[in-house]
Student: 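Starting off with a structure, shown below.
In what follows, chains are A, B, ... by sequence order, proteins preceding strands, each numbered from 1.
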Amino acid sequence: MIEQERELVASLPKAYEPQEVEGKWYRFWEEGGYFKPRTGTTGKTFVISMPPPNVTGALHLGHAITATIEDILIRYHRMTGDDTLWVPGEDHAGIATQVVVERLLASEGTDRHKVGREAFIERVWQWVHKYKSRIQDQHRRLGASCDWSRERFTLDDGLSRAVREVFVRLYEEGLIYRGERIINWCPHDMSALSDLEVNHVDTPGTLTYVRYPLKPEPGHENEPTEYISVATTRPETILGDTAVAVNPKDPRYANLIGRMAILPVIGREIPIVADEAVDSSFGTGAVKVTPAHDPTDFEIGMRHNLPRVQVIGFDAKMTGEAGPYAGQDRYEARKNLVEELKRLELLLKVEDYTVPLGHCQRCDTVIEPLISKQWFVKMTPLATPAMGAVKYGQMKIVPERFNKVYMDWLENIHDWCISRQLWWGHRIPVWYCDDCGEMIASREDVTTCPHCDSANIHQDEDVLDTWFSSWLWPFSTLGWPDATPDLQHYYPTSVMETGYDIIFFWVARMAMAGIHFMGLIPFHTIYLHGLVRDAKGEKMSKSKNNVIDPIEVMDQYGTDALRFTLATSSTPGNDMKLVPERIVGNRNFANKIWNASRFVLMTTVEIGGGVPDIRVVQPTTLADRWILSRLAKLTGRVTALIENFQLGEAGRQINEFFWSDYCDWYVEIAKVQLQGDEETRRGTAGILRAVLDQSLRLLHPYMPFVTEEVWQYLYRICEPDSSRWPASALIVAPWPQANAEASDDDMEQDFGLLQEVITRIRDARSQMNVEPARRVPVLMAAGSYLEMVRAQAPLIEFLARTEKPQLFEQLDQKPEQAMSLLAGPVEIYLPLAGLLDIGKEVERLDKEIVQAQQEIARLHGKLANEAFVTRAKPEVVEKERERLAVQEERIGKLLERRAELGG
RNA sequence: GGGCGAUUAGCUCAGUUGGUUAGAGCGCCGCCUUGACAUGGCGGAGGUCACAGAUUCGAGUUCUGUAUCGCCCACCA
């Protein structure tokens, strides 16, 4: 029997091979149904709606960090016994997907108009199927333990129904309306955009000063022409001017208000009006008003009932209204018009000026503000309760500073333009009767007009903004508008985890929709992570060619290494630079786990006792107690950190414990203890396994693959009777409880002293260039620590490679020709006759003496400070006094030693 | 124009109720192929915590200001 296990252990490769194990375990988990929620032991649910990636292409590191953080939270909660659900899905990404497929068509020498709407949508679906499954596979590679049986797509039947329901409800509530407004128009994508889809880029441009002749007042026709001067960044819009506005309080223009100016080139007479919106300190203090091409001017136009003359068309070419410039591109017309103005001596000057130019988020084309009939959502009534939810703490944002970002946006929210002149997306559920003009918003397709019974009706051609489906995600994915069991059980969700770059697009809108349609906030916590940047700190983008493909990283270093790096390289809300060295380091960490585990199995395979529960394990040595105390404290800290979303810090602490405390100290000490009697060997094996077991559990959310692999070996080899396993797999093994009883500060302090003794001796050996293999004699005066040191002497022998230490409480006769060291109050003497250089030894001692003196002086000063002693907390003062006592004892010993050496 | 973040070792970053001599990884120096791991071990060097003030017995940590870098928002033409 043992033979079999021994062979198994011997067969384990020397290095961890991620590619051999990852796929195997993912299939095991998925096929075993471990990703599905199960009635938990805590009575609590924990739910995350995965931010649906766009089906535009492959996953990038932004998705990898999202999946990693969410999977950590999900796996942690699953292990704590919560009824845990992670709903995956993908987003149809209206405009983004349409743009990529149109590019594909272009490469085939065709375009969507040539292939037609229906065939085009068919092409997009082909694309979607391909990339949807690629995205699923990539999430699997990342180890995402989401419930694939509940996967949703924003354009599937259920979600489409939710979208219609929402549209119609808002329409009926008067919160959706159709109207002619100035909107952001992308002349390339030929669609309206919302404000959020426009990126403003400060661009060097010019401010052009132009004077308009004034129409002479009656009776003054023969006097010299008067002028009014205006400044503009977009001269071509002059052709569409329908007024000039000045501030009513501006004395310079008071007498011009009401007069008419004559528009150059076009010759149109336009009024000079007074409007508060004009800032008299900017430019000339007089503003040309183009209601059809500028939002501010549009408002002014409304107030003064000005006509709207559209001179720039939806294709960014000048319209018939532009007179001689009709048909020209907007920038060409600009150039030509400025030339003409110069010729007419109406151009005053051209200044350099930086303009914030709006660009299309998707295709980077310069946006043109145009008047157009679009659908809008009235946002203020939705925004108010969403603000309240954060203000009154029902929704907590991590990190907190994003409260302000969220609040400021909602406070200044504008109506949301939701119609898009695209083909890919949810068609607007509105029908128009061609006979009576009736407009019908309907949950069901409409074939006859309810008003006049005419069958002569047609559906609105436009589709909805892609975010109009995503903002319903937390409840639409659970079955809404039906009151499904999932919806009742899992809504509201727990944590919305996503990048801070989509607070407005998505998070705030989900808050609004959740409250409005469900009457309940969609999630209690909003956790925002930062962006992943390249090693130089630049945003990754295809054009910069600095994109790191997560798949390549996983191929090279393993998924666990990538996950651990992403999880521990930054703090919430802060960007991270992904440096390859760090991934390598974490690949090494996975290998360390593998090898430490292999050691435990190899050296204890023949020792019975199984994998004992950490709570019943019996420590017999100082090291046993120490590692259990360290682990107990670690467990408490890690649990608290994860609960507080300090995932990076939690991960780092587990890493530190495992590598430093467990591997570098306890495992090394175990090598000694495993040479002991049967009871000690069994005890040590038990602790090695129990601590490994618990470490693997703590680490599992971060590094699911290597931990599951190792954990399964641990139990298979040490607990052949699987009925004794705490769980069928690590993924559902209970999350460890911190064992408060194991925590022992005094004992940790003793162990700390032992570590110092060992380190001092190693240091001395290193400085003296003692060959590593050589055992050195050692004498120690341990004072009150004599018993402790005596008990640990075998460890000192082994770890510092000394002969059997000669121990004393006090040494009246100090050894001659010996190097003397201090570890706390413990005096250590290494008689290294022949190796010792007295001069160097004196030098070293003097350095230590100076250090001690400085420290004593500092402490004296502090304790002599009346204010400190009286005002600081007593325990702080006491601590300082103790430190002083320690240092004084130390310097006494140093000086004594120094005297012996002469001088 | 408004707001936010960052600034800690050569590099990448931790450091959450203010309290020992500020930590880690990588890199660097020295030693070691010791029977888990060289994707390793042991030891070491390396920091005026951006700057200037303030609060406090005590500040990397709190406050104010400054500088540099970065990000977000924004209908001054």
Side-chain angles (χ1 to χ4, degrees), chain A residues 12 14-16 182 195 200 207 230-234 237 245 277-279 281-284 286-290 294-299 355-356 369 401-402 404-405 408-409 412 414 500-501 503-504 530-531 533 535 537 539 557 561 568-571 573-579 581-582 584-603 644 646 648-649 652-653 655-656 660 663-664 667-668 671 759 762-767 769-773 799-801 851 854-855 858-859 862 865-873 875-877 879-880 882-883:
Chain A
L12 299 177
K14 271 186 78 172
Y16 174 59
I182 282 255
D195 295 343
H200 290 96
L207 189 57
V230 297
T232 178
T233 56
R234 295 186 297 157
T237 62
V278 179
D279 175 358
S281 65
F282 186 87
T284 64
V287 186
K288 59 187 276 311
V289 181
T290 324
D294 184 276
T296 311
D297 294 5
F298 182 83
E299 300 286 326
V355 280
R401 68 183 138 92
F402 286 103
K404 191 174 159 52
V405 179
D408 287 353
W409 186 71
N412 301 305
H414 289 73
Y500 64 72
D501 52 334
I503 294 179
F504 308 139
L531 275 30
R533 296 168 178 284
K539 213 167 167 171
Y557 303 107
T568 59
S569 293
S570 73
T571 39
N574 288 339
D575 294 351
M576 85 173 62
K577 287 179 207 170
L578 193 69
V579 282
E581 291 80 7
R582 214 159 165 142
V584 172
N586 290 324
R587 186 269 319 256
N588 296 353
F589 181 41
N591 188 56
K592 188 76 183 177
I593 295 163
W594 173 257
N595 275 297
S597 308
R598 210 162 57 92
F599 168 80
V600 170
L601 294 174
M602 281 165 66
T603 51
N644 287 308
Q646 304 287 323
E649 187 58 20
R652 283 185 287 272
Q653 291 203 17
N655 173 302
E656 195 190 334
S660 305
C663 293
D664 291 345
V667 166
E668 290 305 310
K671 290 174 183 172
T759 304
R762 284 168 168 174
D763 182 16
R765 294 177 60 113
S766 175
Q767 283 185 36
N769 294 319
V770 179
E771 312 87 280
L799 295 173
R801 294 201 72 79
Q851 274 175 2
Q854 283 171 348
E855 183 64 5
R858 199 181 64 82
L859 289 165
K862 207 165 178 183
N865 183 348
E866 188 73 22
F868 172 69
V869 178
T870 54
R871 309 194 69 154
K873 278 180 282 184
E875 58 266 33
V876 172
V877 178
K879 231 173 184 174
E880 297 296 302
E882 276 168 27
R883 293 193 58 222

Student: Would you measure the distance from the P atom in G10(B) across to the matching atom in G47(B) and give it in whole Å?
Tutor: 7 Å
Student: Distance check, rounded to the nearest 0.5 Å: Leu601(A) atom CG versus Leu12(A) atom CG?
Tutor: 7.0 Å
Student: Pick the nucleotide of RNA chain B nearest each of Ala277(A) and Leu859(A); which residue has the one closer to the 5' end?
Tutor: Leu859(A)
Student: Under the criterion side-chain contact (heavy atoms from CB on, under 4.5 Å), which of Val289(A), Asp294(A), Thr290(A) is the partner of Thr237(A)?
Tutor: Thr290(A)
Student: Between the side chains of Asn595(A) and Arg598(A), does any donor sit under 3.5 Å from an acceptor?
Tutor: yes
Student: Choosing from A36(B), U12(B), C75(B), which nucleotide comes nearest the side chain of His414(A)?
Tutor: C75(B)
Student: For the side chain of Met602(A), counting heavy atoms from C-beta on, which of C13(B), A36(B), A74(B) is nearest?
Tutor: A36(B)
Student: If the plane angle is over 60° it's perpendicular, under 30° parallel, otherwise tilted; pick one for Trp594(A) and Tyr16(A).
Tutor: tilted
Student: Taking only the side-chain heavy atoms of Phe599(A) (C-beta and beyond), determine which of A36(B), A74(B), C26(B) contains the nearest atom.
Tutor: A36(B)
Student: Please classify the nucleic acid contact of Phe589(A) as base, sugar-phosphate, or nothing, using heavy-atom distances under 4.0 Å.
Tutor: nothing
Student: Give Ser570(A) one of three labels, base, sugar-phosphate or nothing, depending on what nucleic acid heavy atoms sit under 4.0 Å from its own.
Tutor: sugar-phosphate
Student: Toss me the dot-bracket line for RNA chain B: Watson-Crick and G-U wobble, both under 3.5 Å, 5' to 3', using | for pairs to another strand and [ ] for crossers.
Tutor: (((((((..((((.....[...)))).(((((.......))))).....(((((..]....))))))))))))....
Student: Provide the distance between the two C1' atoms, one in G43(B) and one in U20(B), to the nearest whole Å.
Tutor: 24 Å
Student: In chain order, what residues pass the ring-ring contact (aromatic ring centres under 6.0 Å, His included) check against Phe504(A), with sequence neighbours excluded?
Tutor: Trp409(A)
Student: What string of B, S and - do you get for nucleotides 59-65 of chain B, 5' to 3', when a contact is any protein heavy atom under 4.0 Å?
Tutor: -------
Student: Rounding to a whole Å, what distance do you find between Glu866(A):CD and U56(B):C1'?
Tutor: 17 Å
Student: At under 4.0 Å between heavy atoms, what does Lys14(A) touch on the DNA or RNA strands: base, sugar-phosphate, or nothing?
Tutor: sugar-phosphate
Student: Report which part of the nucleic acid Thr759(A) touches: base, sugar-phosphate, or nothing (heavy-atom distance under 4.0 Å, all strands).
Tutor: sugar-phosphate
Student: Asn591(A) CG to U39(B) C1': how many Å, rounded?
Tutor: 5 Å
Student: Could you pull out all residues at least two apart from Arg762(A) that satisfy side-chain contact (heavy atoms from CB on, under 4.5 Å)?
Tutor: Trp665(A), Ile758(A), Leu799(A)
Student: Send over the distance from Tyr500(A) OH to G3(B) P, rounded to a whole Å.
Tutor: 19 Å
Student: Rounded to the nearest angstrom, tell me the gap between atom CG in Asp279(A) and atom P in G1(B).
Tutor: 13 Å
Student: Could you check whether Asn865(A) gets within reach of a base, just the sugar-phosphate, or nothing at all, counting any heavy atom under 4.0 Å?
Tutor: sugar-phosphate
Student: Under a 4.0 Å N-O cut-off, is there an ion pair linking Lys671(A) with Glu668(A)?
Tutor: yes
Student: In whole Å, I'd like the distance from the CG atom of Asn586(A) to the P atom of A14(B).
Tutor: 14 Å
Student: Only counting residues at least two apart or in another chain, list the ones meeting ring-ring contact (aromatic ring centres under 6.0 Å, His included) with Tyr557(A).
Tutor: none
Student: Under 3.5 Å, is there a donor on one side chain and an acceptor on the other for Gln851(A) and Glu855(A)?
Tutor: no
Student: So, is Lys873(A) near the phosphate of G18(B), with a side-chain N or O under 4.0 Å from OP1 or OP2?
Tutor: no
Student: Which whole number of Å gives the distance between the C1' atom of U17(B) and that of C71(B)?
Tutor: 29 Å
Student: Taking the nucleotide of RNA chain B with the closest heavy atom to each, which residue, Pro772(A) or Phe504(A), is nearer the 5' end?
Tutor: Pro772(A)
Student: With rounding to the closest Å, how many angstrom separate the C1' atoms on A77(B) and G3(B)?
Tutor: 24 Å
Student: Whether Arg598(A) contacts A36(B) is assessed here as follows: a side-chain N or O lying under 4.0 Å from the phosphate OP1 or OP2. Is that the case?
Tutor: no
Student: In chain order, what residues pass the salt bridge (Lys or Arg N to Asp or Glu O under 4.0 Å) check against Asp763(A), with sequence neighbours excluded?
Tutor: none
Student: Are Lys404(A) and G3(B) close enough that a side-chain N or O sits under 4.0 Å from OP1 or OP2?
Tutor: no
Student: Can you tell me the distance, in whole Å, between the CH2 atom of Trp409(A) and the P atom of A74(B)?
Tutor: 9 Å
Student: If I take atom CD in residue Glu875(A) and atom C1' in nucleotide G58(B), what distance separates them, rounded to the nearest angstrom?
Tutor: 14 Å
Student: Got Phe589(A) and Thr568(A) here, is their nearest side-chain heavy-atom distance under 4.5 Å?
Tutor: no
Student: Can you tell me how far C1' in A6(B) sits from the matching atom in A45(B), rounded to whole Å?
Tutor: 29 Å
Student: Distance check, C1' atoms only: G41(B) and U33(B), in whole angstrom units.
Tutor: 11 Å
Student: Would you classify Asp664(A) as touching base, sugar-phosphate or nothing, given that sugar-phosphate means primed atoms plus P, OP1 and OP2, and contacts are heavy atoms under 4.0 Å?
Tutor: sugar-phosphate
Student: If you compare every side-chain N and O of Thr571(A) against the phosphate oxygens of A14(B) (OP1, OP2), does one of them come in below 4.0 Å?
Tutor: yes
Student: Mind checking the CG-CD spacing from Asp664(A) to Glu656(A)? Nearest 0.5 Å is all I need.
Tutor: 11.0 Å
Student: Under 3.5 Å, is there an N or O donor on one side and an acceptor on the other linking the side chain of Gln653(A) and the base of A24(B)?
Tutor: no
Student: Reckon Val876(A) touches a base, only the sugar-phosphate, or nothing at all at heavy-atom distances under 4.0 Å?
Tutor: base
Student: Considering only the C1' atoms, how many Å lie between A14(B) and G23(B), rounded to the nearest integer?
Tutor: 7 Å
Student: Using a 4.0 Å heavy-atom cut-off across all strands, classify Glu668(A) as base, sugar-phosphate, or nothing.
Tutor: base
Student: Considering just the side-chain nitrogens and oxygens of Thr237(A), establish if one lies under 4.0 Å of OP1 or OP2 belonging to A77(B).
Tutor: no
Student: May I ask you to verify if any side-chain N or O of Asn655(A) is less than 4.0 angstrom from the OP1 or OP2 atom of A24(B)?
Tutor: no
Student: Any side-chain N or O of Lys577(A) less than 4.0 Å from the OP1 or OP2 oxygen of U12(B)?
Tutor: yes
Student: For the C1' atoms, the ones on U68(B) and on C51(B), what distance do you get once it is rounded to whole angstrom?
Tutor: 11 Å
Student: Give a yes/no on whether any side-chain N or O of Arg401(A) is located under 4.0 angstrom from OP1 or OP2 of C4(B).
Tutor: no
Student: Hey, are the side chains of Pro369(A) and Arg234(A) touching, using non-hydrogen atoms and a 4.5 Å cut-off?
Tutor: yes
Student: Lys288(A) has an atom NZ; how far is it from atom P of C75(B), in whole Å?
Tutor: 18 Å
Student: For the side chain of Asn574(A), counting heavy atoms from C-beta on, which of G5(B), G43(B), U12(B) is nearest?
Tutor: G5(B)
Student: How many angstroms lie between CD1 in Ile593(A) and SG in Cys663(A), if you round to the nearest 0.5 Å?
Tutor: 8.5 Å
Student: Do any side-chain nitrogens or oxygens of Lys592(A) fall under 4.0 Å of OP1 or OP2 in G41(B)?
Tutor: yes
Student: Just call it for Arg762(A): base, sugar-phosphate, or nothing, with non-hydrogen atoms closer than 4.0 Å on any strand.
Tutor: sugar-phosphate
